[in-house]
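Excluded from the calculations below are hydrogen atoms, water molecules and symmetry mates; all remaining heavy atoms, backbone and side chain alike, are included.
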Amino acid sequence: MSEGVSNKKRSLEWGFIFAGTALVALTYYLFLKPNEIMTPGLGGVAILVSYLLPLSLGLIYFLLNIPLFLLGYRFVGRQFVIRSLGGMISLSVFLYLFEFLPGWQQPIVGTILGGVISGAGIALVLLGGGTTGGVDIASVVISKVWPAFTIGRCMMAINSLIVIASWLTTDALHSVYTLISIFIAGKTIDVCYSRWLGKGGDRSTEVKSAS
């Protein structure tokens, strides 16, 4: 592959990562936050741990991410870790930039659209060879080691366990909305990612380690 083609491919993949994280951030402010639908993932784990340890939430989140990035490096590769770090940072930036956006207070619609759009956004990030960090990295590693588990299914399972564990800190109705949104997002990730790669079914677990 020529250097020009390689640079164009690399730019396109980073474009997927930035577009995907922008979609995830938009979904949070437009559909999830206004309807009190919890944001699953490592942030939920950090909140639970903060009840047990006298440490700041930011420090706990950082410490929890360290072993996950090391696992990503071990099983997927250096470029995957670099792009996942880029995805995590760009998501943080978009969350800051979109903070002013008004939300749509309609729980059912928010649950459905929140799941579909965030799932499509994460699929774009995966297509670019990265993740948004946290649970996304764990899901990619699991699907790499056990190909029978697609990335979307792994995310559904891990995030559902986190939501169930956090029921003590929220009401049951919004936890149900969150679980439904997680299921929709997981199915959307698998469908979009496999179709965009031009592959089918469970082969969507073949996450690239971009060069």
Side-chain angles (χ1 to χ4, degrees), residues 9 12-32 35 37-44 68 72 75-76 80 83-84 86-88 90-91 94 104 106-164 175-210:
K9 178 175 179 289
L12 181 63
E13 289 170 342
W14 276 106
F16 287 147
I17 292 173
F18 295 144
T21 52
L23 275 180
V24 173
L26 282 171
T27 301
Y28 174 71
Y29 286 117
L30 294 178
F31 304 114
L32 301 183
N35 294 297
I37 299 172
M38 292 181 294
T39 303
L42 203 61
L68 293 174
F75 289 99
V76 188
F80 170 76
R83 293 178 187 221
S84 293
M88 188 172 67
S90 66
L91 178 59
F94 283 124
W104 188 6
Q106 190 6 284
I108 302 299
V109 175
T111 297
I112 295 171
L113 291 182
V116 171
I117 299 175
S118 65
I122 292 173
L124 276 174
V125 177
L126 293 170
L127 195 65
T131 68
T132 59
V135 167
D136 292 7
I137 293 179
S139 300
V140 170
V141 171
I142 291 171
S143 69
K144 196 78 173 179
V145 177
W146 294 290
F149 297 97
T150 65
I151 297 171
R153 290 173 186 170
C154 291
M155 289 183 183
M156 277 191 280
I158 297 172
N159 284 325
S160 295
L161 290 175
I162 293 171
V163 172
I164 292 171
S175 294
V176 170
Y177 286 146
T178 302
L179 288 172
I180 294 172
S181 184
I182 287 170
F183 175 80
I184 294 173
K187 297 299 291 184
T188 302
I189 290 167
D190 282 342
V191 170
C192 290
Y193 185 54
S194 61
R195 287 187 178 180
W196 290 340
L197 278 182
K199 301 177 181 180
D202 291 340
R203 295 195 65 187
S204 62
T205 56
E206 295 179 11
V207 176
K208 301 177 296 179
S209 176

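Rounded to the nearest 0.5 angstrom, Ile142 CD1 and Met155 CE are separated by 10.0 Å. Between the CD1 atom in Ile151 and the OG atom in Ser194 there is a gap of 10.0 Å [rounded to 0.5 Å]. Separating the CG atom in Asp136 from the CE atom in Met88 is a distance of 11.0 Å, to the nearest 0.5 Å. Interatomic distance, OG1 of Thr178 versus CD1 of Ile162, reported as 12.0 Å (0.5 Å rounding). Rounding to the nearest 0.5 Å gives a distance of 9.5 Å between CG of Leu126 and CD1 of Ile17. Atoms OG1 and CG, on Thr132 and Leu91 in that order, are 6.0 Å from each other to the nearest 0.5 Å.
Shown here for Phe75 and Lys144, the closest heavy-atom pair between the two residues is O-CG, 3.9 Å. Closest non-hydrogen pair, Ile182 versus Met156, comes out as O-CG, 3.5 Å. When every heavy atom of Trp196 is checked against every heavy atom of Ala123, the shortest pair comes out as CZ3-CB, 3.7 Å. Considering every non-hydrogen atom in both Thr188 and Val116, the closest pair reads CG2-O, 3.3 Å. A pairwise comparison of heavy atoms in Phe149 and Cys154 identifies CB-SG, 3.6 Å as the closest pair. Nearest heavy-atom pair across Ala138 and Ile158 is CB-CD1, 4.3 Å.
Counting only heavy atoms from C-beta outward, the side chains of Leu113 and Trp104 approach each other to under 4.5 Å. Contact check for Ile117 versus Leu26: no side-chain heavy atoms found under the 4.5 Å cut-off. No side-chain heavy atom of Ile37 sits less than 4.5 Å from a side-chain heavy atom of Phe31. Phe18 has its side chain out of reach of Leu124: every pair of non-hydrogen atoms, C-beta onward, lies at least 4.5 Å apart. A 4.5 Å side-chain heavy-atom check between Phe94 and Leu23 finds every atom pair outside the cut-off.
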* Show your reasoning for whether side chain to side chain contact (heavy atoms under 4.5 Å, CB included) applies to Phe80 and Val140. => CA-CA 10 Å; Phe80 170 76; Val140 170; 3.8 Å; yes
* List the steps and the verdict of side-chain hydrogen bond (donor to acceptor under 3.5 Å, both in side chains) for Thr21 and Ser90. => CA-CA 7 Å; Thr21 52; Ser90 66; 3.0 Å; yes
* To do: Would you sort out whether Val135 and Ser139 count as a side chain to side chain contact (heavy atoms under 4.5 Å, CB included), showing the intermediate values?
  => CA-CA 6 Å; Val135 167; Ser139 300; 3.9 Å; yes
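Shown here is Phe183, whose CZ atom has no more than 12 heavy atoms of other residues, nucleotides or ligands within 6.0 Å.
Using modelled atom types, one side-chain atom of Ser84 and one backbone atom of Thr131 make a donor-acceptor pair closer than 3.5 Å.
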